[in-house]
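Values below: all heavy atoms of this structure, side chains included; hydrogens, waters and symmetry mates excluded. Labels below follow one simple rule: chain letters A, B, ... track the order of the sequence lines, proteins then strands, and each chain is numbered from 1.
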Amino acid sequence: MNFGKRVYELCMKIPKGKVSTYGEIAGKMKTKGYRAVGNALNKNKFKEVPCHRVVASNGHLCGFAGGLKKKAELLRKEGVEVRAFRVDLKRFLYKFR
DNA sequence: CTAATGACCATTA
DNA sequence: ATAATGGCCATTA
């Protein structure tokens, strides 16, 4: 499960109040397995990891193990403006170095 | 090993 | 704007 660990590390690297996309994460890990990234989180569903800060490339919130609603609320609590399960990537997207 | 699934993405209509 | 299609990767059955 080295792959899942990679995603885990990257997710926790996301600062509070910012969000990231599966595409960015996948690109950072030199792979195009966007789906594998989300899959790893879903299967592992680390509760100690801010996986809720990861949204789709279009800024739309995808499924979340535990409740999509919860994910939106969590993001809002962090300071991210969530509108109809959508986030403004222009302002809240954190680009990995 | 093969087939199917999924918290995806981009293109095209 | 939404809908459909093809492609990508890892995990699971």
Side-chain angles (χ1 to χ4, degrees):
Chain A
M1 302 284 279
N2 205 0
F3 190 86
K5 196 163 180 212
R6 210 73 179 234
V7 180
Y8 164 87
E9 295 282 336
L10 284 166
C11 275
M12 144 166 104
K13 188 172 170 274
I14 303 172
K16 179 181 71 152
K18 297 268 181 191
V19 296
S20 180
T21 68
Y22 301 96
E24 287 293 321
I25 295 174
K28 187 64 207 141
M29 65 175 49
K30 299 284 192 255
T31 179
K32 289 123 189 140
Y34 323 102
R35 307 189 104 165
V37 177
N39 248 344
L41 289 172
N42 181 30
K43 296 261 167 68
N44 286 306
K45 72 175 190 258
F46 298 99
K47 47 188 171 175
E48 299 294 310
V49 179
C51 45
H52 56 267
R53 289 182 194 156
V54 185
V55 298
S57 65
N58 62 338
H60 210 294
L61 276 65
C62 288
F64 179 66
L68 191 65
K69 213 161 136 190
K70 192 88 168 156
K71 182 171 175 175
E73 287 297 307
L74 281 166
L75 286 170
R76 232 182 236 190
K77 218 155 99 162
E78 296 279 323
V80 180
E81 291 180 32
V82 181
R83 237 162 115 123
F85 296 96
R86 214 156 111 170
V87 182
D88 293 9
L89 297 177
K90 272 193 160 345
R91 296 198 70 83
F92 300 102
L93 174 62
Y94 171 72
K95 214 155 163 48
F96 288 97
R97 181 173 37 134

* Asked: Under a cut-off of 3.5 Å for both distances of each Watson-Crick or G-U pair, what dot-bracket string does DNA chain C give, using [ ] for crossing pairs and | for inter-strand pairs?
  -> .||||||.|||||

* Please tell me which of T31(A) and R86(A) maps to the more 5' nucleotide of DNA chain C, matching each residue to the nucleotide holding its nearest heavy atom. =>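 First, find each residue's nearest nucleotide; the 5'-ward one identifies R86(A).
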
* **Along DNA chain C (nearest heavy atom to each residue), the more 5'-positioned of K32(A) and G4(A)** =>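 With K32(A) and G4(A) compared, the 5'-side residue is K32(A).
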
* **Which atom of C11(A) lies closest to which atom of P50(A), heavy atoms considered** =>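 Closest heavy-atom pair between C11(A) and P50(A): O-CG, 3.5 Å.
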
* Considering all heavy atoms, the nearest N58(A)-L89(A) contact ->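 It is C-CD1, 3.8 Å.
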
* For each nucleotide in nucleotides 6-13 of chain B, reading 5' to 3', give B when a protein heavy atom comes within less than 4.0 Å of its base, S when such contact involves only the sugar-phosphate, and - otherwise. => BBBSS---

Expected list for residues 65-73 of chain A: side-chain donor-acceptor pairs under 3.5 angstrom, two or more places apart:
residue: K71(A); atom: NZ; partner: V54(A); partner atom: O; Å: 2.7

* Any side-chain heavy atom of R6(A) sitting closer than 4.5 Å to one from I25(A)? ->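 Counting from C-beta outward, R6(A) and I25(A) never come under 4.5 Å.
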
* **Residue pairs, two or more places apart or on separate chains, that pass ring-ring contact (aromatic ring centres under 6.0 Å, His included) and touch residues 26-66 of chain A** =>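 Listed once each, the pairs are Y8(A)-F46(A).
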
* Round to the nearest Å and state the distance from N44(A) atom CG to dA10(C) atom C1'. =>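 Between C1' of dA10(C) and CG of N44(A): 11 Å.
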
* Taking only residues two or more places apart in sequence, or in another chain, which ones meet K28(A) in a side chain to side chain contact (heavy atoms under 4.5 Å, CB included)? ->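 L10(A), F96(A).
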
* Evaluate the criterion salt bridge (Lys or Arg N to Asp or Glu O under 4.0 Å) for residue pair E78(A) and R53(A); output intermediate values, then yes/no. => CA-CA 9 Å; E78(A) 296 279 323; R53(A) 289 182 194 156; 2.9 Å; yes

* Any residue meeting side chain to side chain donor-acceptor pair (under 3.5 Å) with K95(A), in chain and number order, not counting sequence neighbours ->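 Expected list: E24(A).
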
